[in-house]
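Reading through the structure tokens given below for one structure.
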Amino acid sequence: MDLLKAAHPPHGTTLPETHADLSFRAGEQAGYLDHGGQQLYYVLHLPDRPVRAMALLAGPFASERPHSYTSWVRWARFLAASGIGAMRFDYRGVGESSGVFEEMTFDLWRLDIHACAQWIHRWFPDAPLALHGLGMGALLATEVFEQGIGDALLLWAPPSSGREVLSDALRRRLAIDYVRGVAHAGRESLIGELQAGRCIAVEGYRWSPKLWKSAEMPLKLPNSGESHRPWKAIELDRTAEPLIGSRGAWQTSLLKSHGKPPPFNPPHAELFNGSLAWIKRNLPCDSLETP
Amino acid sequence: MRKVLQFRIRDADLIGTYHVPGNGAALYCDHSPVELPPGILLLNSGYLPRAARGDLSAQMGDHLAGVGYPVFRFDMPGLGDSGGELPEDLIPFFQSVQNGEHATWAADLATELHRYFGRRRIILAGNCGGAVTAIYAAGLAGQQVSGLILMEPNFAKFAPDTPTTYPGVRQIMAMRQSMRNWLLASPGSRHFRRMYWRLCWPMQEVFRRMQSSRLPADTNLPLAYRWRRLARAGLPMLILQAGQQTPGPVRFDYLRHLRGHRADRVVSIEIADTTHSFVEGDGKRMVLCHIEQWLRVFFPLQLDVEPQRSCPAS
């Protein structure tokens, strides 16, 4: 056993100051970006060969994060093993990033994607960048892509709007209230609380009225005719269950009462291989010289 | 403030978060003139990453560090950001946790944290599977572990559904369950729910009092006996349990059975109006309050530090 204290830059790049006291494990590096006065947690997955392309992974909504995490990490490792560097992160106020959830909005989380994209561009300036989002991350990544960031956009299970993301979570809260047998408020009354300027608690997070308001954001897929940059949206079905988050967890509990629970760590071979092939086909990796 | 930590233990790279305490002093000091406050090592809840559901563990880390206790949260092998393999299915994973397979990593981690962070004592903490690992690891780690915080420890073995001799019985049970759920969930179910509680709650209490002399057949005996040994050895323990809110089969009261009369340093608290993960209702706030109060009683801060804040407001 040994504590790894030696930080060294991945593949010849120079690490920024925020890495100074981090340890480095071959291929994976966790750390924080200083962003908006908070610590934005990220993990960088680098291939064991020169980085020819990067993917920025924007994860799902907070309450879906715990259940999809294993598959999300597996996807990042799969990309790195296939020669594409991947960076994943936690939005401010969620998971390993600092900040108060109650103060967060969809717009602030969109800025988190911006910050990570800038960081990648700074340290891997020659690597083409694929933006990849899951659930809420797909919605936010689309917005960022529309602002000219990224060379390709891959979406898994994009919602029609931010409201759809929150409505899913509200539905889960109501279901849990029913099962607990507590006096429950209806969906409309919970939304009424938010509209009246009061916070509500959903799956361990305090939602603020401004979060609800910011979720009005609709999904605006790039116009294929106008966009020169490739994009693709993939709907996920039940075979991708852990990736579709707590929706999956709810199904798990139902299935558990009727037999064998579904796998929590499936290989997702078809989804991963198909997505990787699309990224490789659509990123201009070939123009990069191998050092 | 948070920092990322990484330890290589038994060929697995374990990634964790260190919540730097408000005082921030004497962290790496080997020969502190005063006894340093213990560090709290939080373990994964089941297969969830180290922040846990609703980020409860992450918030616990921030809160306790603000009060003055350093907190470490680590992902066990294969979980969260740590390296290592995981099975595809939940059942073998749960069974491996219940057999204590994470305990050697947790115990070694406690030893390393003890060594690197000023020889401070370590309190192992976890929810559900994390509590199970903490019990096993406390037995392995020895003197540097000086307390346990166990949230919803599960002393029953997780077993896949075993086929019954009579397939019809299973079908009837499933129908009964779905009918109950439907009645409880349907609009206007208030009357049914009230009736259910009026009838079932006293019956559950009767069953609870009757269960006295024998452990259930599905008890995880190695775990139960380890826990009893630690309790009787006087290891301070805080046990937090979610009050049984959901109408359902009565739970066996393992703690009452195992505790006996020789475990006076075990504090057991039931938190009402919450769930297994302590995220619903007022669970989060109550968990933070009870843990802070327990720490102040059993492991008072000796450094001259003003706590940054006390129990969080609701």
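By convention in this document, chain letters (A, B, ...) are assigned in the order of the sequence lines, proteins followed by strands, and residues within each chain are numbered from 1.
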Mind checking what makes side chain to side chain contact (heavy atoms under 4.5 Å, CB included) contact with Ala80(A), not counting sequence neighbours?
His45(A)
Electrostatic pair Arg53(B):Glu280(B) at N-O distance under 4.0 angstrom
yes
Salt-bridge present (Arg173(A), Asp177(A); N to O < 4.0 Å)
yes
By number, which residues in residues 87-94 of chain A have some heavy atom less than 4.5 Å away from chain B?
Arg88(A), Gly93(A), Val94(A)
Side chain, backbone, both or neither: which part of [X] has a non-hydrogen atom closer than 4.5 Å to chain B?
X	value
Tyr69(A)	side chain
Gln39(A)	side chain
Ser71(A)	neither

Show the numbers, then the answer: is there a salt bridge (charged side-chain N to carboxylate O under 4.0 Å, His left out) between Asp13(B) and Arg8(B)?
CA-CA 4 Å; Asp13(B) 290 303; Arg8(B) 185 165 183 79; 2.8 Å; yes
Whether Phe61(A) and Phe106(A) hold their rings parallel, tilted or perpendicular, with breakpoints at 30° and 60°:
parallel
For Glu102(A), all residues meeting salt bridge (charged side-chain N to carboxylate O under 4.0 Å, His left out), sequence neighbours excluded:
Arg206(A)
Is Arg73(B) close to chain A through its backbone or its side chain, or both, or neither, when contacts mean heavy atoms under 4.5 Å?
side chain
Below 4.5 Å from any heavy atom of chain A, which atoms of Phe93(B) appear? Answer side chain, backbone, both or neither.
side chain
With no hydrogens and no angle check, just 3.5 Å: does a side-chain donor-acceptor pair link Tyr41(A) and Asp81(B)?
yes
Residues two or more places apart in sequence or in another chain: which of them pass ring pair (Phe, Tyr, Trp, His ring centres under 6.0 Å) with Tyr205(A)?
Phe101(A)
Taking the ring of His132(A) and the ring of Trp72(A), is the distance between their centroids below 6.0 Å?
yes
Assess the pair Phe7(B) and Phe74(B): is the distance between their ring centroids shorter than 6.0 Å?
yes
Selection from [options] maximising heavy-atom pairs under 4.5 Å formed with chain A:
options	result
Pro87(B), Ala58(B), Ser57(B), Gly78(B)	Pro87(B)
Val279(B), Asp55(B), Leu86(B)	Asp55(B)
Thr17(B), Thr111(B), Leu79(B), Thr275(B)	Thr17(B)

